[in-house]
Amino acid sequence: MSHSPRPRGARTAAVVLTGALALAATPAAPAIPAAPSARGAAVSPSAVHVNQLGYLPDGPKRATVVSASETGLTWQLRNPNGVLSASGTTTAHGTDPASGDPTHVVDFSSYRGTGSGYTLTVEGRTSPPFAIRADLYDPLRADAMSFFHQQRSGIPIEASLTGSAHARPAGHLGVAPNAGDTAVPCPSGECEGVRDVRGGWYDAGDQGKYVVNGGIATWQLVNSFDRAQRAGHQAALGDSTLRLPERGNGVPDVLDEARWELEFLMRMQIPDGEPRAGMAFHKIHDAAWTALPTRPDQDAEPRELHAPSTAATLNLAATAAQCARVFAPYDAVFATRCLDSARRAWHAARANPGLLAPVSDSTGGGPYDDTEVGDEFYWAAAELYATTGEAEYRDTVTASPFHTADDEVFLPVGFSWQDTAALGRITLATVPTGLPATDLTRLRGSLVTAADGYLAAMDRQGYAVPLPADGYVWGSNGQVANNATVIAVAYALTGERRYRTGALEALDYLLGRNALGQSFITGHGTRASHHQHHRFWAHSYDAALPEPPAGTLAGGANQSLEDPVAREKLRGCAPARCYVDDIGSYSTNEVAINWNAALAWLAAFAAERG
């Protein structure tokens, strides 16, 4: 669950949730003891902070050194044999505002050699080893995408695709002791009987499924393919590129993965002929918080479907409209079904614009509440217009305040499931539509201006993070990747290399060039997180269970310390240091589909060559 303040005009601070937030807020939540194998607050073992995975030969190669010296320091880059490859002098950057560290920057971007096992030494302190390779990000691209297959509900996770440690039976199909999602009782007063809402992705470390978080995550996966296709790099995300049961079916694998969630989202839609037809139920999860650890097929809690909401319905409208456009060349029948669902959701949301999910609905799952849905209306209208070209959707887009108020669209901390106007803006700026040329120029200019703002934030910080110094919110790593997405789109619009550089340096932060010297991505980096909060990937609690698979992004530093473990171990931390690799710290160390979707998008961009 992510928790993220969003200063947005007059709107109050927002909350970005994924499953575990309610653990902190709900008296009935199960106690989570500190895991015996979990580590305490991370302390950097080296004051030379690098991207621990490595660097691209033609990309930026920068590192951060902690030193109070006011003059430059000598640095040396050595290959695995200890042979000097390059040397130079650091640039004093001053105090990093988010960590309090006195910092210097090493820039060895001009070095174009390749290999593995390089190290950087400054004043007798040596970095972790790293590689310089053109194919550096290929494994991360695949691993970050594989996360979603392993979060699937309603299908066995096969050892042939994931390895034996991460294999498991299908969850929530009604096989004892599991109550299942195939016949979930209707919410009182909303419908009669039961609903089949099987499938989809488990949202985070819990086993809930939330339409609003599923919406943004699905959009990012589909958009990653759509963007790659425009750039001529779609083959890298094509058929048989991922470890999926659908590989070899003639459809790009990333779209196959997105379809698993899209099918679930459409199952959450109320059929024609019933009250509030076309609306989408807000979420489905356990009646009470599931104990940790619990494998999905062993979850005995009853499942509850929650009342429809306008925000969920507009998420369905937006993602189903995007589906209709991007899937059309591969499966015209499915694309037509998506468009029909999108239209019905749009008209239902217009008829019910004020059905808001309550913040109090936090027993057994996160509330995912949102008091402002104007941005969702803008996003959904933008996707429907880009797909259909129809005047109804164009007029809604151009009449929306989100179409002109740029400061309401690209926020300093970044877009999120609760602030989705930027998704509509990205679509309108990149997908051909009938908007006037002057309008298109303005939209693209606003996106480039936003990217410039994120680059400026990076320049002000010793660790080059595209966040404000006080922007370390719940899920801050996802926000870093979201802002890097905007920077990467600016590169696509302008071709200016500084935007590619900025997007790649955001990955440097996630992979170890940060105040903790910590890679937040499992399996990638010398000192990577591996105790993330999850009910099945819970080796810290049960040696028979696995650690998280490679390519899983931890939530990251959260200055608000919103769980008992964080409050115990991180008291007094500087914002950028408020992280602990402990399975009990759900406010800093959980996983979530929206964060991994952002990582997958960024990794796919970084892996492109030529």
Side-chain angles (χ1 to χ4, degrees), residues 42-56 59-78 86-111 118-132 136 454-469 471-472 476-477 480-481 483-484 487 498 501-521 524-529 556-557 573-579 606:
V43 177
S44 175
S46 168
V48 182
H49 300 291
V50 297
N51 179 328
Q52 295 170 17
L53 186 61
Y55 300 89
L56 297 173
K61 303 177 193 69
R62 297 192 181 101
T64 299
V65 179
V66 178
S67 174
S69 173
E70 296 181 359
T71 60
L73 310 171
T74 299
W75 59 263
Q76 296 177 324
L77 176 70
R78 296 185 180 275
S87 62
T89 304
T90 67
T91 300
H93 193 281
T95 301
D96 176 64
S99 65
D101 291 344
T103 59
H104 285 231
V105 174
V106 176
D107 190 340
F108 56 109
S109 300
S110 61
Y111 180 73
Y118 285 96
T119 55
L120 192 64
T121 299
V122 184
E123 287 193 319
R125 296 169 295 178
T126 300
S127 73
F130 55 87
I132 303 176
L136 182 76
Y454 297 140
L455 292 183
M458 296 174 78
D459 288 342
R460 289 191 293 268
Q461 300 184 52
Y463 295 99
V465 192
L467 289 177
Y472 289 83
S476 62
N477 285 340
V480 167
N483 286 347
I487 298 170
R498 62 196 180 98
T501 294
L504 293 174
E505 286 203 275
L507 267 176
D508 291 348
Y509 169 81
L510 296 177
L511 286 160
R513 187 191 169 195
N514 53 61
L516 298 170
Q518 174 90 33
S519 169
F520 296 110
I521 305 171
H524 294 268
T526 309
R527 188 167 177 267
S529 300
C573 57
R577 294 184 177 278
C578 296
Y579 168 81

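Fair warning: this is a prediction, and the values are worked out from it, not measured in the lab. All values below were derived from every heavy atom in this structure, side-chain atoms included, with hydrogens, water molecules and symmetry-related copies excluded.
- For Gln52 (side chain) and Ala528 (main-chain N/O), no donor-acceptor pair under 3.5 Å exists by modelled atom type.
- A donor-acceptor contact under 3.5 angstrom links the side chains of Tyr579 and Ser529, judged on distance only.
- Listed for the His93 side chain is a donor-acceptor partner under 3.5 Å among the backbone atoms of Asp459.
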Exercise. Let me see the working for Arg78 and Thr126 under side-chain contact (heavy atoms from CB on, under 4.5 Å), right down to the final yes or no.
Key: CA-CA 10 Å; Arg78 296 185 180 275; Thr126 300; over 6 Å; no

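- Nearest heavy-atom pair across Arg125 and Ser67 is NH2-CB, 4.1 Å.
- A donor-acceptor contact shorter than 3.5 Å links the side chain of Thr64 to the backbone of Gly462.
- With sequence neighbours excluded, the residues satisfying side-chain contact (heavy atoms from CB on, under 4.5 Å) with Thr90 are Leu73, Trp75, His104, Val106, Val122.
- No donor-acceptor distance shorter than 3.5 angstrom exists from the side chain of Lys61 to the backbone of Asp107, with no hydrogens or angles considered.
- Between the OH atom of Tyr55 and the CD1 atom of Ile132 there is a distance of 8.5 Å, given to the nearest 0.5 Å.
- Looking at Val66 and His49, their side chains come closer than 4.5 Å, going by heavy atoms from C-beta outward.
- A donor-acceptor pair under 3.5 Å is absent between the side-chain atoms of Asn483 and the main chain of Tyr454, judged by distance alone.
- The two residues Leu56 and Leu136 come nearest to each other via the heavy atoms CD2-CB, 4.0 Å.
- Considering all non-hydrogen atoms of both residues, Gly556 and Asn477 come closest at CA-ND2, 3.2 Å.
- Within the 4.5 Å cutoff, the side chain of Thr526 has no heavy atoms near those of the Ser519 side chain.
- The closest donor-acceptor contact from the side chain of Arg527 to the backbone of Leu516 lies under 3.5 Å.
- Here Pro60 pairs with Arg62, Ser109, Thr501, Leu504, Glu505 under the side-chain contact (heavy atoms from CB on, under 4.5 Å) rule; sequence neighbours left out.
- Residues Ala63 and Val50 come closest through the heavy atom pair CB-CG1, 3.7 Å.
- Across all non-hydrogen atoms, the minimal contact from Leu455 to Arg498 is CD1-NH1, 3.8 Å.
- Thr95 places no side-chain N or O within donor-acceptor distance of the main-chain N or O of Asp101, the cut-off being under 3.5 Å.
- Taking CZ from Phe520 and OG from Ser476, the interatomic distance works out to 6.5 Å, rounded to the nearest 0.5 Å.
- Donor-acceptor pairing under 3.5 Å is lacking for the side chains of Ser127 and Thr119.
- The two residues Cys578 and Ala574 make their nearest non-hydrogen contact at SG-O, 3.2 Å.
- Asp96 places no side-chain N or O within 3.5 Å of a backbone atom of Gln461 that could act as its donor or acceptor partner.
- In this structure, Phe130 and Phe108 have tilted ring planes: the angle between them lies in the 30° to 60° band.
- Between Tyr472 and Val465, some side-chain heavy-atom pair lies under the 4.5 Å cut-off.
- Looking only at distances, no side-chain donor or acceptor of Ser99 sits under 3.5 Å from a matching main-chain atom of Ala576.
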